[in-house]
Amino acid sequence: MIVRTRFAPSPTGFLHIGGARTALFSWAFAKKHGGTFILRIEDTDVARSTPEAVQAILDGMQWLGLDYDEGPFYQMQRMDRYKEVIRKMLQEGSAYYCYCSKEELDALRENQMQQGLKPRYDGRWRPEEGKTLPEPPQDIPPVIRFKNPKDGHVSWNDLVKGEISIANQELDDLIIARADGTPTYNFCVVVDDWEMGITQVIRGDDHVNNTPRQINMLKALGATIPQYAHLSMILGGDGQKLSKRHGAVSVMQYDEDGYLPEAVLNYLARLGWSHGDDEIFSKQQFCEWFDLDHITPSAAQFNTDKLNWLNAHYIKQASPETLAREMKKRLAKLHVAVSAQPDLFAVIDLYKERANTLNELAASIAYFYQKPVIDQAAAEKHLTADIKPVIAKLADLLGAVDWQAEAIHHAINEVVTQYQLKFPKVAMPLRVMLTGIAQSPSIDQVMALLGRDEVLTRINQA
RNA sequence: GUCCCCAUCGUCUAGAGGCCUAGGACACCUCCCUUUCACGGAGGCGACCGGGGUUCGAAUCCCCGUGGGGACGCCA
């Protein structure tokens, strides 16, 4: 059987971390099995769906490199097909008109809740053998409901959670078409998964409760039932549910914040899935290794520290060209223009092992291209009066030195010896004067890159 | 309320009845490297939710608690 998976977001907001992982797993499963990955936009909620959100989802997937083989399909463009299926179901008797008003249903629900019952439709318009239906009211446009089986159980072997079984008694006759005739989510999903030949439905576990209803409809339509894999949710770093109000951000925000897509992908892959003790793997490796058997059924908490660690790793691995491009872009945002000297590639090389994010990296090298902001605390600690003459002497020496890290180091050593100091006693004030702060790579290497003129200027100005 | 799901270090996880004195990774701590801070290297701290079963043997299987989460829309 040829594997066909799909990612089916509703375009009501950006692609967030949970959606991204669902997409990633669906995508990887298809890749692993040489199958087809389909993108389907579930935009039947006309009021909340926007073209901007569609674009945001497309952007997010592109940034992560999750390419789809078919689609994007838009459900709103498949209306005719849905209506045709509904017509057929009405004919065959697996669906029926219901003339309850919203108010009537609200009252019913409230009543059931009060009695401690599970709120559900009581089937008052459900046609039954030997049952006389009320006369349809003229003023209420009917909805269409699916005639769910009354007895027995719906069971499936969830590829993540194992055997799940739900009594049909727990299920009511859900609405498959609104009063205005537009079909609803659960129905469209069924038709699409069926007609698009989806073999594995990989989605968030908030859909577990929809699955038995969908299976029943699939059965009523005589369709093949796909396999289901329900992924548990991703919690925020504080263990709380992610929501628009609380911590849920677009995957594009990670780009904004200086994360490489490889890092985000690798992080997401390991969140809820594992391959023994492996922590770092390429996208290709992931596709080869990925399986549904090693997905945890329990919810996972997002951990920025670990993402940072992975990001630091991928920054070290990144090509010089990638990093240079990113640095130009990110320095520009800091209003720093990169000049020809010091050489950006050399600067990056000196700093890339020290940053967790691209933004950190950009901020840390900014002083090469603009005057540093001197940290006051560092200045007070290191730029002491007694060191001034030593630095002055060093400046003298530097004027004539061959401008190489080694020679510069030699010059510093000379004054260190002359004044009988420890090396850091001189290196630290230099750091503060040249970079603004007390932490930097080897000061001689920094100086070599900064250039003689700039070094002397900064020393004089400090 | 009803139904469904989940439960191993702080976090992500390994674990398919004996390989478990429970492994790895992040974080944290110590030491080494060192020109400061990082990087890197070596160590350390740290968990099977509770109670019953089943079994010669349970982190693993079953039951009951407890805790957490999800669903119960003319949203998706």
Side-chain angles (χ1 to χ4, degrees), chain A residues 8-12 42-45 47-49 75 98 100-102 105-106 109 112-120 141-145 158 160-162 164-167 169-172 174-186 188-189 204-212 230 232-233 235 237 239 241 267 270-280 293-294 296-310 312 316 351-356 364 378 382 409 412-413 416 422-428 430-432 437-445:
Chain A
S10 61
T12 55
E42 310 216 317
D43 53 357
T44 53
D45 184 355
R48 293 198 303 151
S49 298
Q75 289 188 323
C98 166
C100 286
S101 67
K102 285 184 186 178
L105 291 172
D106 287 344
R109 228 183 324 262
Q112 287 165 327
M113 287 284 245
Q114 268 171 12
Q115 290 181 54
L117 296 170
K118 185 173 185 167
R120 61 237 238 230
V143 299
I144 298 169
R145 288 183 184 271
D158 196 279
V160 172
K161 293 181 187 283
I164 299 180
S165 180
I166 289 162
Q169 288 177 0
E170 295 297 329
L171 273 22
D172 62 359
L174 75 156
I175 293 172
I176 59 175
R178 302 178 178 90
D180 66 5
T182 58
T184 58
Y185 163 77
N186 269 300
C188 298
V189 167
D205 74 356
D206 46 333
H207 289 292
V208 166
N209 294 275
N210 290 325
T211 307
H230 287 100
S232 59
M233 55 189 303
L235 273 20
K241 188 193 172 178
Y267 178 72
R270 271 296 279 109
L271 202 56
W273 175 83
S274 61
H275 185 266
D277 288 340
D278 295 304
E279 295 288 349
I280 290 175
D293 301 334
H294 291 85
T296 344
S298 56
Q301 208 167 307
F302 193 89
N303 185 244
T304 306
D305 281 330
K306 191 152 183 180
L307 208 213
N308 284 344
W309 173 72
L310 278 166
K316 282 175 219 158
Y351 267 86
K352 70 175 180 185
E353 297 213 331
R354 316 168 69 83
N356 280 332
S364 69
H382 298 291
H409 190 251
I412 299 173
N413 260 336
V416 163
K422 298 268 190 203
F423 194 95
K425 186 68 184 159
V426 181
M428 294 309 290
L430 280 174
R431 280 202 170 85
V432 176
I437 57 172
Q439 300 83 37
S440 83
S442 293
I443 195 61
D444 42 25
Q445 291 192 49

Could you write out each protein N or O paired with an N or O of nucleotides 14-20 of chain B at a distance under 3.5 Å?
| residue | atom | partner | partner atom | Å |
| --- | --- | --- | --- | --- |
| B:rA14 | OP1 | A:Ser274 | OG | 2.9 |

Identify all pairs in which a protein N or O lies below 3.5 Å from an N or O of nucleotides 27-33 of chain B, and state each distance.
none

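Distances shown here put a side-chain N or O of A:Lys316 below 4.0 Å from the OP1 or OP2 atom of B:rG40.
A:Arg270 places a side-chain N or O within 3.5 Å of a backbone atom of A:Trp273 that can act as its donor or acceptor partner. Side-chain atoms of A:Lys161 come within 3.5 Å of backbone N or O of A:Pro297 as a donor-acceptor pair.
Among residues two or more places apart in sequence or in another chain, the side-chain hydrogen bond (donor to acceptor under 3.5 Å, both in side chains) test is passed with A:Asp158 by A:Trp156, A:His230. Partners of A:Pro142 by side-chain contact (heavy atoms from CB on, under 4.5 Å), not counting sequence neighbours, listed by chain and number: A:Tyr97, A:Tyr99. Under the side-chain hydrogen bond (donor to acceptor under 3.5 Å, both in side chains) criterion, A:Arg145 pairs with no residue, sequence neighbours left out. For A:Gln115, the side-chain contact (heavy atoms from CB on, under 4.5 Å) test picks out A:Asn111, A:Leu117, with sequence neighbours left out. Residues that satisfy the ring-ring contact (aromatic ring centres under 6.0 Å, His included) test with A:Tyr351, not counting sequence neighbours, are absent from this structure. Residues that satisfy the side-chain hydrogen bond (donor to acceptor under 3.5 Å, both in side chains) test with A:His409, not counting sequence neighbours, are absent from this structure. Considering only residues two or more places apart in sequence or on other chains, A:Lys118 meets the salt bridge (Lys or Arg N to Asp or Glu O under 4.0 Å) condition with A:Glu170.
Across the C1' atoms, B:rA14 and B:rC26 are found 15 Å apart, a figure rounded to whole Å. Between the P atoms of B:rC9 and B:rC5, the separation comes to 22 Å (whole Å). Rounded to a whole angstrom, the distance from the C1' atom of B:rU8 to that of B:rG43 is 24 Å. Rounded to a whole angstrom, the distance from the P atom of B:rG24 to that of B:rC45 is 12 Å. Using P as the reference atom, B:rG44 and B:rA38 are 22 Å apart when rounded to the nearest Å. Using atom P as the reference point in both B:rC31 and B:rA58, the two lie 42 Å apart (nearest Å). Straight-line distance between the C1' atoms of B:rG10 and B:rA27: roughly 8 Å, to the nearest whole Å.
At a threshold of 4.0 angstrom between heavy atoms, the contacts of A:Ser298 are confined to the sugar-phosphate backbone, with no base atom among them. Residue A:His230 is out of contact with every strand shown, counting any heavy-atom pair closer than 4.0 Å. Residue A:Gln439 is classed as a base contact, given a heavy-atom separation below 4.0 Å to a base. Across all strands shown, A:Leu271 has heavy atoms under 4.0 Å from sugar-phosphate atoms exclusively, and none from any base. Contact annotation for A:Gly237: no contact, since no heavy-atom pair falls under 4.0 Å across all strands. At a threshold of 4.0 angstrom between heavy atoms, the contacts of A:Ala438 include nucleobase atoms, whether or not backbone atoms are also involved.
By the 4.5 Å heavy-atom criterion applied to side chains, A:Ile144 and A:Ile175 are not counted as neighbours.
Closest to the A:Ile166 side chain, of the nucleotides B:rC4, B:rC6, B:rU13, is B:rC4.
A:Gln169 has its CD atom 12 Å from the P atom of B:rC4, to the nearest Å. Between A:Asn308 atom CG and B:rC12 atom P the separation is 16 Å, expressed in whole Å. What separates CD1 of A:Ile437 from C1' of B:rU36 is a distance of 10 Å, to the nearest Å. Going from atom CG of A:Asp278 over to atom C1' of B:rC12 covers 14 Å, rounded to whole Å. To the nearest angstrom, C1' of B:rU35 lies 9 Å from CD1 of A:Ile412. The distance from atom NZ of A:Lys422 to atom P of B:rU34 is 14 Å, rounded to the nearest whole Å.
Annotation: of the two residues near RNA chain B, A:Glu170 and A:Gln301, the 5′-most nearest-nucleotide partner is A:Glu170. Annotation: of the two residues near RNA chain B, A:Pro424 and A:Val160, the 5′-most nearest-nucleotide partner is A:Val160.
For A:Glu279 against B:rG24, a side-chain-to-base donor-acceptor contact under 3.5 Å is present.
Of all non-hydrogen atoms in A:Ser49 and A:Glu42, the two that sit nearest each other are OG-O, 4.5 Å.
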Original post:
Could you run down nucleotides 65-76 of chain B 5' to 3' and tag each one B, S or - for protein heavy-atom contact under 4.0 Å?
Top reply: ----SBSBSBBB

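Applying the salt bridge (charged side-chain N to carboxylate O under 4.0 Å, His left out) rule to pairs touching residues 175-185 of chain A yields nothing, sequence neighbours excluded. Within the structure, side-chain hydrogen bond (donor to acceptor under 3.5 Å, both in side chains) contacts touching residues 296-306 of chain A (residues at least two apart or in different chains) are A:Glu279-A:Lys306.
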